[in-house]
**Q** 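This is the structure I have questions about; it appears just below.
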Amino acid sequence: MDGKSVSLLLACLIGAALAEFQWTELSQDGAATAPAPRGGSCVAYDEANDRVVIFGGRGDNTAPIYNDAWIFSMKTNTFSKIETGNETNPPARFSCLCGMFNGSFYVTIGEGVGDTFFNDVWVLDIDNAVWRMIEPSTKARPEKRYGAAGGMYPNSGLLYVSHGFSDVRYSNTWYFDINNNEWIEEHREISTYSLTKPHGRCLVGSAMTGDRKFVMYGGCLSGGATGGLCPTKEGWRYRAGGWKRSEIDTESPTPRQYPGMALYDSDHAILYGGVSDVDQVISVPNYGRDEVAVLDLGDLDWRRYKSQDDPASTTGYPEVRQEMAIISVGEQRVIIFGGSKRGTFGVTYNDLWLLNGTRTGPKIDSSTAWMSWPVLHGIFMFLGWGVCLQAGAFIARYFRENSPPLWFKLHRGLQVTGLVLAILGFVFGYLSATGEHFAFAHGGLGLVIMILGLFQPLNAFIRPHPQPRTKFRERWEIVHKNTGRIALVLALINITLGLIVIGAPLGLTIFWLVLFGAFIGLYMYMESKLQTKRLEKKMETKPQDAPTTTTTT
């Protein structure tokens, strides 16, 4: 038994004894016998032969995109390159999805050289070292993409592809049925404004958790004709066509893109790595190298644990990283390979680590609270359009007769404050978008609302004096009042759309919908009182019929 095998055996024994997450370095970074350093590789576990198959990936800024295949033997802790015997290999790619079925390795999608995207399917006969491209029996197939969720549950024969990105964000879910040689679209595209399903996103972490089951976390929702957070804290569970979201709370990991996820045991998946501090983010706490997040697959609750280092390793833990390859290699055993340094693609790794142990040990309770431009945009728009401007218009409509000089001062002060807040919110919204700013309904409608809002103070500059009441004054009031009313109604609708598009916590969305209903109810009540009062006043001033007189003779 060689030194590495002894190290692995000791790690397993230590992990079992401590009953905590334990890291063991099986291959050091920079090892000459390992694949070249890379991130975005695809990895699968061949349980029958106790080996890990690694394909593709991208090197650092000066390195190429790869299409080579490697084996890491869990028995001997050694790498070996698969020297394919045919000239036709899959095009080089990264961010692909793969799986094992009947001893063969299958791979699909990904991004290649020159922003080329794929939706092809390739199979590698490992024992004979031969690649073959599969031609599906029907024309149906997913759009070309990368950064998707999915993969293959061991020997299910179903290779899943969900969400992802090319020139747009996708939200549909497909699987390739190996036995029937066809693509099946199991779930169609999801509306950007769905409350119960995840709309388009990419760069997620995901793990197959069963036959036709997987989970995904984080990713980027903004750009590609959709809006939202980039990265996000949303986690989702998929079961044969049905979606359910994990609640966002203090136990959830920080928002991330390019994280790694793997099935850990029959009831739990783990999340490790990823990057949080990207362009949309103003402030976010960085996770530590020792943090392992655990998702309960039943109730979808998160817990974060502190893992134990490898005392035999010079680094102790894997360096913090993103887009690593990660896969379950048995009950409570996970392998991670390679990846790039957190926050940059300029540094890549080729080390390989084992995580084992049970889900106990020190919990991490540090805050995962964060702030981003979209969240700041939402706060300022709510205060501007949802509070100040609504209140200013409400006072002008229903209190002008009760407090003649005061109502106008309050109205003007609230409208100016609300518009300033809205302008700031609009700027924050512009800073938050990672792609087309107005290519989706919330962004386009927001632009229309801001134009209507900015028209109001410009309109006020030409406001004629109320006395004498001229035709111009009457027309001005019609334009001023109705333009403002249209903007306020659209703003209430757009705030609702904004909460949905960023995936706000369910409690916050419910609070806003209740408040929205209260606004509508209050407006209806006050309008009823106003119209009743006006009708009574009209009846009081209506001329009475002249009394009839009778003449007697």
Side-chain angles (χ1 to χ4, degrees), residues 1-12 15 23-29 31-57 66-86 89-90 94 96-108 122-132 151-157 159 178 207-208 260-265 270 272 310 318 324-339 349-356:
M1 183 178 293
D2 61 20
K4 290 184 178 179
S5 298
V6 172
S7 175
L8 176 58
L9 177 60
L10 289 174
C12 293
W23 287 105
T24 305
E25 186 177 33
L26 302 183
S27 179
Q28 292 183 351
D29 186 46
T33 56
R38 63 191 69 189
S41 298
C42 183
V43 63
Y45 178 54
D46 180 5
E47 183 178 5
N49 296 288
D50 197 17
R51 60 188 179 183
V52 176
V53 184
I54 301 167
F55 170 77
Y66 299 99
N67 69 341
D68 52 353
W70 290 74
I71 286 176
F72 181 81
S73 171
M74 298 296 295
K75 297 175 182 178
T76 63
N77 287 348
T78 56
F79 282 103
S80 59
K81 185 176 181 180
I82 301 176
E83 300 290 351
T84 54
N86 57 327
N89 291 340
F94 63 93
C96 40
L97 294 170
C98 58
M100 293 293 303
F101 182 66
N102 287 344
S104 293
F105 176 80
Y106 290 79
V107 63
T108 188
W122 290 78
V123 57
L124 173 62
D125 181 337
I126 299 175
D127 292 334
N128 294 308
V130 175
W131 281 104
R132 177 173 60 88
M152 185 188 299
Y153 190 69
N155 287 316
S156 66
L159 183 54
I178 295 173
M208 298 301 300
M261 289 194 79
L263 182 66
Y264 198 69
D265 57 39
I270 66 162
Y272 187 77
D310 179 0
M324 76 291 291
I326 181 169
I327 192 70
S328 172
V329 292
E331 186 79 0
Q332 297 184 348
R333 299 173 74 227
V334 166
I335 285 288
I336 72 165
F337 167 75
Y349 305 107
N350 69 343
D351 50 352
L352 190 143
W353 293 76
L354 170 72
L355 177 70
N356 67 335

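Count residues from 1 along the sequence.
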**Q** W70 and F337: aromatic ring centres closer than 6.0 Å?
**A**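 No - the distance between ring centres of W70 and F337 does not fall below the 6.0 Å cut-off.
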**Q** When the aromatic ring centroids of W353 and Y272 are compared, is their separation below 6.0 Å?
**A**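 Ring centres of Y272 and W353 not closer than 6.0 Å.
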**Q** Check I54, I126, D125 against I82 for a side-chain contact (heavy atoms from CB on, under 4.5 Å) and give me the one that passes.
**A**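 Between I82 and the candidates, side-chain contact (heavy atoms from CB on, under 4.5 Å) is satisfied uniquely by I126.
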**Q** If we only count heavy atoms from C-beta on, is the N49 to I71 side-chain gap below 4.5 Å?
**A**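 They are not in side-chain contact.
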**Q** Of all the heavy-atom pairs spanning Q332 and D265, show the shortest one and how long it is.
**A**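 For Q332 versus D265, the nearest heavy atoms are NE2-OD2, 3.8 Å.
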**Q** Quick one: sort the F55 and F105 rings into parallel, tilted or perpendicular, breaks at 30° and 60°.
**A**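 Tilted, since the angle between the ring planes falls between 30° and 60°.
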**Q** Does a side-chain heavy-atom distance below 4.5 Å link V329 with L354?
**A**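 A side-chain contact exists here, since the closest heavy-atom pair is under 4.5 Å.
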**Q** Does the side chain of L124 reach to within under 4.5 Å of the side chain of V107, using non-hydrogen atoms?
**A**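 No. Closest side-chain heavy atoms not under 4.5 Å.
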**Q** In a single word, yes or no, tell whether C42 and C98 have an SG-SG distance below 2.5 angstrom.
**A**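 Yes - the two cysteines, C42 and C98, have SG atoms within less than 2.5 Å of each other.
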**Q** Quick one: closest heavy-atom pair of V334 and I326, and the distance?
**A**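 Scanning both residues, the minimum pair turns out to be CG1-CG1, 3.5 Å.
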**Q** For Y264, enumerate each residue passing the ring pair (Phe, Tyr, Trp, His ring centres under 6.0 Å) test, keeping only those at least two apart in sequence or located in another chain.
**A**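 Ring pair (Phe, Tyr, Trp, His ring centres under 6.0 Å) list for Y264, sorted by chain: F21.
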**Q** Looking at side-chain heavy atoms only, is the closest gap between I336 and Y349 below 4.5 Å?
**A**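 The answer is no; the side chains never approach within 4.5 Å.
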**Q** Within the 4.5 Å heavy-atom criterion, are R38 and D68 side-chain neighbours or not?
**A**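 The answer is yes; the side chains approach within 4.5 Å.
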**Q** As an exercise, state the distance from CE of M152 to CG of L97, rounded to the nearest 0.5 Å.
**A**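 It is 10.5 Å, given to the nearest 0.5 Å.
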